[in-house]
Engineer: 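First, the structure itself, so that you have it in front of you.
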Amino acid sequence: MPQRKTKRGAERTPLAPDADVLICGASFAGLAVARELRDFGARVLMVDRYEIGERQTSACAAPTEWLEALGLRDSIRQTFSDLVIHTPHATMRYRLPWTFSTFDYSELCGLLHAQNDVEFETAKVDGRTGFTVHTDRGDVTAPLIVDALGWRRVLGGGYQPPDAPLSRGLEVHPWRADGDLEIWIDRRYVPAGYGWSFPARDEVRIGVGSFDPRFHVRDTTVLLAEDLGADAVRYQGNWIPHELRDATEDGVFFAGDSAGHCLPLTAEGIRTALYFGIACGRELRAVLHGERTREEALRRYHDFSAEHEAKYRWMLRAQRLVPRVPPRLLTPAIRAMGAKRFVDWSFDHYLRIAPPPAAAEARPAPEPLRAAA
Ligand SMILES: Cc1cc2nc3c(=O)[nH]c(=O)nc-3n(C[C@H](O)[C@H](O)[C@H](O)COP(=O)(O)OP(=O)(O)OC[C@H]3O[C@@H](n4cnc5c(N)ncnc54)[C@H](O)[C@@H]3O)c2cc1C
């Protein structure tokens with residue numbers, strides 16, 4: 001069981017009642033927003049129900065270039081140049097044009113948090129009335145509010161699973177140190193979705209993700225672990241949004257899973273949470289600078305997120321298509337897609353949905369991000 005470090009009892013004093021910026025959620029998206037707001041002299045409060053890095057929220061694999069651009073190299077556990085894909089009838093090894101790395105969640109969050117100067121408190125966010133956010137440690141009012149709370153979108157219109165565009169993912173983390181970055185597209189594990197095994201130096205993250213929220217992935221996660229000769233221990237799972245949503249609502253900014261920024265088909269949501277978190281943070285910075293009004297920042301951030309809609313729609317179409325391909329056609333299709341030129345082309349396009357240069361060191365004057373063409 002993870003150790004709960006969150007403040008208890010007498011430590012849970014009421015929060016200060018106001019702030020210039022309130023960031024709700026201190027995982028990838030929230031920490032990326034906070035990073036853009038350092039050295040401003042503004043009162044920025046960030047809250048999360050857990051301590052920073054306390055509860056891992058993913059298998060923690062991301063493009064290495066992104067981690068390096070944000071100064072997070074020390075959290076990397078393993079780097080992979082190849083992706084191995086298994087179908088029921090074949091195994092293919094793809095040489096990628098760029099690398100993926102697995103990292104330690106707690107260390108990465110610690111490194112990101114060290115790059116901001118915001119005030120952090122543990123508190124559970126319960127909801128909002130206008131610009132006042134209700135928490136279990138009292139109300140906080142702020143003119144600039146960010147919801148980086150994940151798929152529940154607590155400060156906006158939330159989703160109720162399973163009747164929502166959500167995938168579900170569950171993984172186990174046996175202690176073991178070997179293997180490749182591997183994916184299984186196999187109905188034995190999940191009718192629509194995929195299984196994975198991501199080694200991270202001294203542990204392996206083995207899991208199953210289902211695009212259909214009604215398919216329960218626990219039994220097949222155990223089955224995949226058994227097939228790999230690994231123990232089904234140390235579970236971690238969650239819902240994963242697979243549809244882009246409005247990145248602003250009723251005066252509030254949404255970043256990461258709360259805005260559906262996780263990519264359909266691959267369920268890669270760390271890079272995009274960082275990417276849109278940075279974009280959101282830069283808009284907030286411009287407001288604090290006095291260069292834009294809140295309404296202008298809301299509109300610009302909303303439009304920036306919406307510019308990516310076509311790419312998200314394509315990924316969602318592919319997510320719906322892949323499970324419909326008969327297994328006997330899947331193997332030749334995946335084999336054909338293994339041609340080096342195709343792999344380079346498709347993975348480069350895929351990376352450009354949220355390209356690493358966007359993570360470059362923030363400049364003193366607010367610099368809006370531009371969506372890659
Ligand atoms: C099993 C699994 C494996 C995955 N593997 C990968 C992967 O390898 N690579 C990848 O790119 N993506 C992966 N994803 C997707 C990825 O985890 C998410 O897209 C990503 O975590 C989104 O980041 P976020 O900051 O928006 O939200 P989250 O990481 O979910 O963070 C939300 C934060 O808000 C806090 N919070 C939530 N509710 C409240 C509340 N009411 N009050 C206070 N605090 C609250 C939480 O404690 C948390 O810190 C995986 C998802 C799952 C479920």
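For ligands, and for the atoms within them, numbers begin at 1 and follow the listed sequence.
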Engineer: Using a 4.0 Å heavy-atom cut-off, which part of F28 comes near ligand 1: side chain, backbone, both, or neither?
Structural biologist: both
Engineer: R49 to ligand 1: N or O pair under 3.5 Å?
Structural biologist: yes
Engineer: Quick one: do D231 and R176 make a salt bridge, cutoff under 4.0 Å?
Structural biologist: no
Engineer: Sequence neighbours left out, what passes ring-ring contact (aromatic ring centres under 6.0 Å, His included) with Y194? Give chain and number order.
Structural biologist: W196
Engineer: For a side chain to side chain donor-acceptor pair (under 3.5 Å) with R128, tell me which candidate from D250, D139, D147 qualifies.
Structural biologist: D250
Engineer: Would you mind running through ligand 1 and noting each atom that sits below 4.0 Å from a heavy atom of A59?
Structural biologist: 3 (C), 4 (C), 5 (N), 6 (C), 8 (O)
Engineer: Is the shortest distance from a Lys or Arg side-chain nitrogen in R152 or D257 to a carboxylate oxygen in the other one below 4.0 Å?
Structural biologist: no
Engineer: Could you tell me whether C24 approaches ligand 1 through its side chain, its backbone, both or neither, with non-hydrogen atoms closer than 4.0 Å?
Structural biologist: neither
Engineer: Ignoring angles and geometry beyond distance, decide whether L170 reaches within less than 3.5 Å of ligand 1 through its nitrogen or oxygen atoms.
Structural biologist: no
Engineer: What is the nearest protein non-hydrogen atom to atom 37 (C) of ligand 1, stated with its residue, atom name and distance?
Structural biologist: L149 O, 3.2 Å
Engineer: Below 3.5 Å, N or O to N or O, backbone or side chain included: is there any such pair between G169 and ligand 1?
Structural biologist: no
Engineer: Around atom 41 (N) of ligand 1, find the nearest protein heavy atom and jot down its residue, atom name and distance.
Structural biologist: V125 O, 3.0 Å
Engineer: Hey, is the main chain of D48 close enough, under 3.5 Å, to the side chain of T122 for a donor-acceptor pair?
Structural biologist: no
Engineer: Could you tell me which atoms of ligand 1, counted from 1 in the order shown, lie closer than 4.0 angstrom to a heavy atom of G256?
Structural biologist: 26 (O)
Engineer: Assess, by modelled atom type and distance only, whether the side chains of W151 and N238 contain a donor and an acceptor separated by less than 3.5 Å.
Structural biologist: yes
Engineer: Show which atoms of ligand 1 fall inside a sub-4.0 Å distance from at least one heavy-atom site of A29.
Structural biologist: 25 (O), 26 (O)
Engineer: Is N238 in polar range of ligand 1, meaning some N or O pair under 3.5 Å apart?
Structural biologist: no
Engineer: Does an N or O from A26, backbone or side chain, lie closer than 3.5 Å to an N or O of ligand 1?
Structural biologist: no
Engineer: Counting heavy atoms only, name the option from G277, G25, A148 that's nearest to atom 32 (C) of ligand 1.
Structural biologist: A148
Engineer: At less than 4.0 angstrom from any non-hydrogen atom of C262, what atoms of ligand 1 do you find?
Structural biologist: 19 (O)
Engineer: Only one of E295, E291, E283 passes salt bridge (Lys or Arg N to Asp or Glu O under 4.0 Å) with R300; say which it is.
Structural biologist: E283
Engineer: Heavy-atom pairs closer than 4.0 Å: do any link ligand 1 to the side chain of I240, the backbone, both, or neither?
Structural biologist: side chain
Engineer: Ligand 1 versus S258, non-hydrogen atoms closer than 4.0 Å: side chain, backbone, both, neither?
Structural biologist: neither
Engineer: I need the C109 SG to E54 CD distance, nearest 0.5 Å.
Structural biologist: 11.0 Å
Engineer: Is a salt bridge present between R201 and E203, judged by a nitrogen-to-oxygen distance below 4.0 Å?
Structural biologist: no
Engineer: May I ask you to identify the nearest protein heavy atom to atom 31 (O) of ligand 1, giving residue, atom name and distance to one decimal place in Å?
Structural biologist: S27 CB, 3.0 Å
Engineer: Counting non-hydrogen protein atoms only, what is the nearest one to atom 48 (C) of ligand 1? Give residue, atom name and distance.
Structural biologist: D48 OD2, 3.3 Å
Engineer: Under 4.0 Å between a Lys/Arg side-chain N and an Asp/Glu carboxylate O for D82 and R95?
Structural biologist: yes
Engineer: Quick one: which ligand 1 atoms are inside 4.0 Å of a heavy atom on A61?
Structural biologist: 7 (C), 8 (O), 9 (N), 10 (C), 11 (O)
Engineer: What are the atoms of ligand 1, with element, lying closer than 4.0 Å to any heavy atom of F198?
Structural biologist: 8 (O)
Engineer: What are the atoms of ligand 1, with element, lying closer than 4.0 Å to any heavy atom of A273?
Structural biologist: 23 (O)
Engineer: In terms of hydrophobic clusters joined by side-chain contacts under 4.5 Å, are Y301 and L144 together?
Structural biologist: yes
Engineer: To the nearest 0.1 Å, how far is atom 18 (C) of ligand 1 from its closest protein heavy atom, and which atom is that?
Structural biologist: D257 OD2, 3.3 Å
Engineer: Under 4.0 Å, heavy-atom basis, I'd like to know which part of A267 is in contact with ligand 1: side chain, backbone, both or neither.
Structural biologist: backbone
